[in-house]
Structures are given as structure tokens and as C-alpha cells.
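Below is one structure; the comments refer to it alone.
Values in this document were obtained by computation on a predicted structure and should not be read as measured data. All residue numbers refer to positions in the sequence shown, counting from 1.
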Amino acid sequence: MRKALLVINCVILAIGNCGGPLIARLYFIHGGNRIWFSSWLETAGCPIILLPIACAYMHRSRTADPTSENKFFYMERPLFLAAVVLGIITGLDNYLYAYGLSRLPVSTASLIIASQLAFTAVFAFLLVKQKFTAYSINAVFLLSIGAGVLALHSSSDRPANEPNREYILGFVMTLAAAVFYALIMPLVELTYKKAKQEISYALVMEIQLVMCLAATVVCTVGMLAKNDFSVIGREAREFELGETKYYVIVICSAIVWQGFFLGGIGLVFCGSSLLSGIMIAVLLPITEILAVIIFNEKFQAEKGFSLALSLWGFFSYFYGEVKQSKKKKPDPEIEMDSSLPPKTLESNV
């Protein structure tokens with residue numbers, strides 16, 4: 001069951017990690033300019049999480065012991081407060097990322113976000129005492145090199161007529177977003193470990209719901225301060241692709257971003273915060289290729305080389321995990337022998 005959840009969360013994360021930035025950039029390059037609104041969309045789609053939570057509740061109702069209490073929400077107050085704090089940090093991170101994406105091409109923003117892997121490794125070591133193997137270290141090294149290769153030619157992707165100050169500020173904001181997100185994932189893992197209740201996947205979805213609601217509140221305050229709600233209608237009418245497509249982009253953005261957040265914390269539940277960071281870094285070159293196809297961004301040889309390094313790092317990590325799981329798996333013959341009475345063991349000798 002856990003392996004199935006791992007695969008499902010990898011797929012969900014891939015959709016959100018690749019689709020979210022592309023849709024957000026589509027909003028900006030065709031006339032959208034509300035940064036708080038764009039950051040709000042990253043978590044505003046969280047009510048859709050109520051659907052799988054409701055399905056989990058109905059499943060428990062049919063299979064649980066009739067004498068046991070079946071609640072719709074299992075989250076207790078300490079875990080709820082922790083999720084609220086994480087949500088506030090997520091809301092600030094959303095704004096930083098949305099600002100960077102409004103100033104930078106998808107390819108440039110993605111390669112900066114890939115630096116979160118190095119930060120995640122540091123925070124995971126400090127906060128949750130993440131143990132590193134030769135394979136995980138090799139994966140972090142290869143994926144970091146892959147992002148570095150892209151960074152060498154990032155200046156060629158600079159948008160036309162982009163002021164130098166705005167470009168640099170976008171770069172700094174995106175880098176700050178990478179640091180914030182790298183902190184959030186180990187904090188989520190630490191929350192799981194410190195929780196005084198059993199962490200199930202249904203509870204993970206509840207945590208995600210609370211985090212996104214808190215982040216949405218933060219972004220709503222920002223939208224009210226910038227008077228975004230009153231100009232959305234005008235922005236939709238003036239959108240280059242048309243008013244209908246404006247709302248389609250907005251709705252799709254809210255839905256797709258949920259895949260990124262749910263997939264991210266789901267991988268923390270199934271594996272670790274480091275695994276979540278590695279998956280995000282692996283998907284970087286794929287986002288690059290999609291940006292080339294959709295937005296006609298340049299595809300240099302460096303991007304192909306980065307893709308190869310990322311895939312190498314990805315397989316290195318999972319090969320190491322498979323080897324580790326085989327070492328931990330007990331030998332059935334040893335288990336059978338150890339269960340025999342002492343006399344039987346002696347007679348076998």
C-alpha cells in the first residue's frame with residue numbers, strides 16, 4: 001500500500017511541479033500582473049482535498065468496527081496549530097515564487113528553484129537527522145550539478161525589455177522561495193515525527209488542507225492590501241487570450257498547484273523530505289523542455305545535459321533505496337530457524 005501511495009504521489013507531484021509554473025507564467029505573459037492573486041491561486045484550490053477526505057471517511061464507515069468512533073477529521077489541536085504555522089510560511093513562500101515567476105522565464109525560475117535540493121539536504125540533516133548514503137549524496141551532487149549547468153547559460157533566457165533591477169529582484173525572490181520551501185518540507189517531516197497521534201495518509205490530507213487554508217488567508221490579506229479583488233474583472237476583460245480563457249487559466253492553476261503541494265507532503269509521508277526535494281529537482285529539466293515547447297524558450301545543449309544528470313541522480317537515489325530496503329528485510333530462513341526450540345536447533349547442528 002505504501003509503495004502504491006509513493007507512486008501516486010510521484011505522479012501528482014509531477015503534474016503540479018511541471019504544470020503549475022507553466023500555467024502561472026502563461027497568466028503573466030498574456031497580461032496578468034497581480035502577484036498576490038497568482039500566489040493566492042497556488043493554494044486556493046485546497047477545497048478539492050475535501051473530496052478524498054470524504055472518500056476516506058466513507059471507507060472507514062463501511063470497514064471500521066461499529067463500536068469505534070468514526071470522525072470526519074482526526075486532526076488534534078497541536079497538529080492543527082503546527083499546520084497553521086506551516087501554512088503561514090507557505091503563504092509567504094507563494095508570494096516570493098509568484099513574484100520571481102512574474103519577472104523570469106520558466107526555465108530560469110525552475111533552475112533557481114532546483115537549488116532547494118541543497119538547502120533541503122541541510123535542513124533535513126539539522127531538523128530530522130536525515131541519514132545520508134553514498135547513493136543519496138551522489139544524487140544530491142548530480143542534481144545540483146545539473147541545475148548549475150543550466151545556471152551557466154541563464155542570462156540568454158532574459159526577457160526582452162526587462163529592466164536589470166526587476167530581473168535581479170526576481171532572481172533574489174525566487175532564490176528566497178527556494179530556501180523557504182526547502183525549510184517547509186523538513187518541518188513537515190518533523191511535525192510527523194513529533195505528532196502525538198498516528199499519522200495516516202488521510203491525516204496527511206487534513207494537514208495539507210489546513211496548510212493551504214492558512215496560506216490562502218495570508219495571500220487574501222495581501223490581495224486586500226493591493227486591492228486585487230476589485231481589478232480581477234477588468235484584468236480578465238483585457239487579457240490577451242480573452243476573458244473566457246483567463247478564467248480557465250485561473251481555475252486550472254488553482255487545481256494543478258494542489259498536485260504540487262499534496263504530492264510534496266505525500267512524499268514526505270511515504271519517504272522523507274529529501275526524497276521530496278530530489279523529485280522536484282528531477283522534474284526541473286522536464287519543466288524546461290515543456291517551457292521550450294509551449295513558450296518557444298531556447299533549448300541549448302546544456303539543458304539536455306542537465307536532463308541526463310537529473311535522471312542519473314534520480315536512478316542513483318532509488319537504486320540506493322532498493323539496496324537499503326533489501327538489507328533491512330529479514331531472511332525468512334533465519335527467522336524460521338530462530339523460532340525453533342533450542343533442542344531442535346542443537347539437533348540440526
Side-chain angles (χ1 to χ4, degrees), residues 1-24 38-59 72-75 79-80 82-91 93-94 97-98 113 116 120 177 180-192 195 199-219 251-283 286-287:
M1 182 63 179
R2 203 175 188 87
K3 288 182 180 179
L5 283 175
L6 179 65
V7 173
I8 292 170
N9 279 282
C10 284
V11 173
I12 293 173
L13 178 62
I15 294 171
N17 192 73
C18 296
L22 294 172
I23 297 174
S38 179
S39 60
W40 183 83
L41 290 173
E42 292 181 32
T43 52
C46 61
I48 64 174
I49 300 177
L50 288 171
L51 180 61
I53 290 177
C55 291
Y57 170 77
M58 290 186 289
H59 176 72
F72 192 83
F73 291 109
Y74 273 92
M75 186 183 297
L79 198 55
F80 173 81
V84 169
V85 173
L86 289 169
I88 292 172
I89 300 173
T90 300
D93 181 58
N94 289 351
Y97 181 69
I113 287 296
Q116 59 82 29
T120 299
F180 267 74
Y181 189 74
L183 175 62
I184 290 169
M185 287 298 99
L187 284 176
V188 169
E189 186 175 358
L190 183 64
T191 301
Y192 291 166
I199 302 295
S200 63
Y201 192 71
L203 191 55
V204 167
M205 290 188 289
E206 293 179 27
I207 294 171
Q208 171 64 17
L209 178 63
V210 174
M211 285 177 59
C212 285
L213 285 173
T216 304
V217 169
V218 171
C219 295
I251 294 170
C252 288
S253 180
I255 295 172
V256 170
W257 273 119
Q258 283 305 300
F260 174 77
F261 289 105
L262 184 57
I265 71 166
L267 283 182
V268 175
F269 169 74
C270 297
S272 66
S273 54
L274 180 63
L275 171 60
S276 182
I278 284 175
M279 273 301 301
I280 292 171
V282 166
L283 294 167
I286 299 175
T287 306

**OP:** Calculate, to the nearest 0.5 Å, the distance between atoms CG and CG belonging to Leu209 and Leu262 respectively.
**Re:** 10.5 Å
Subject >> Ala98 to Glu42 - nearest heavy-atom pair and separation >> reply: CB-OE2, 4.0 Å
Original post:
Within a radius of less than 6.0 Å around CZ of Phe73, do more than 12 heavy atoms belonging to other residues, nucleotides or ligands occur?
Top reply: yes
**OP:** Might you point out which heavy atoms bring Cys46 and Cys212 nearest each other, and give the distance in Å?
**Re:** CB-CB, 3.3 Å
Original post:
Are the side chain of Glu206 and the backbone of Tyr74 linked by a donor-acceptor contact shorter than 3.5 Å?
Top reply: yes
Could you pull out every donor-acceptor pair under 3.5 Å between side chains of residues 6-24 and any protein atom, sequence neighbours left out?
residue : atom : partner : partner atom : Å
Asn9    : OD1  : Tyr201  : OH           : 2.9
Asn9    : ND2  : Leu5    : O            : 2.7
Asn9    : ND2  : Tyr201  : OH           : 3.4

Original post:
Sub-3.5 Å donor-acceptor pair from the side chain of Ser276 to the main-chain atoms of Gly264, do we have one?
Top reply: yes
**OP:** First locate atom CG of Leu275, then atom CD1 of Ile280, and finally report the distance between them rounded to the nearest 0.5 Å.
**Re:** 10.0 Å
**OP:** Give the intermediate values and the outcome of side chain to side chain contact (heavy atoms under 4.5 Å, CB included) for residues Leu203 and Ser200.
**Re:** CA-CA 5 Å; Leu203 191 55; Ser200 63; 3.7 Å; yes
**OP:** Look up atom CZ in Phe261 and atom CG in Asn94, then write down how far apart they are to the nearest 0.5 Å.
**Re:** 4.0 Å
**OP:** Decide side chain to side chain contact (heavy atoms under 4.5 Å, CB included) for Ile89 and Leu187; before the verdict, give the C-alpha distance in whole Å, the side-chain angles of both, and the deciding distance to 0.1 Å.
**Re:** CA-CA 11 Å; Ile89 300 173; Leu187 284 176; 4.2 Å; yes
Original post:
Can you list the residues that meet the ring-ring contact (aromatic ring centres under 6.0 Å, His included) rule with Phe260, with sequence neighbours excluded?
Top reply: Tyr181, Trp257
**OP:** Side-chain contact test, heavy atoms from C-beta onward, threshold under 4.5 Å: evaluate it for Ile265 versus Glu189 and give yes or no.
**Re:** no
**OP:** Drop me the distance from Ile113's CD1 to Leu283's CG, to the nearest 0.5 angstrom.
**Re:** 13.0 Å
Original post:
Could you state the interatomic distance from OG1 (Thr191) to CG (Leu86), rounded to the nearest 0.5 Å?
Top reply: 4.5 Å
Original post:
Quick one: CD1 on Ile199 to CG on Leu79, what's the gap to the nearest 0.5 Å?
Top reply: 5.0 Å
Original post:
Looking at residues at least two apart in the chain, or sitting in another chain, which of them share a side-chain hydrogen bond (donor to acceptor under 3.5 Å, both in side chains) with Ser38?
Top reply: none
Original post:
What pair of heavy atoms forms the shortest contact from Ala83 to Met211, and how long is it?
Top reply: O-CG, 3.4 Å
Original post:
Which atom names give the shortest non-hydrogen contact between Ile49 and Gln208, and what distance separates them?
Top reply: CD1-CG, 3.2 Å
Subject >> Tyr192, OH: over 12 other non-hydrogen atoms inside 6.0 angstrom >> reply: yes
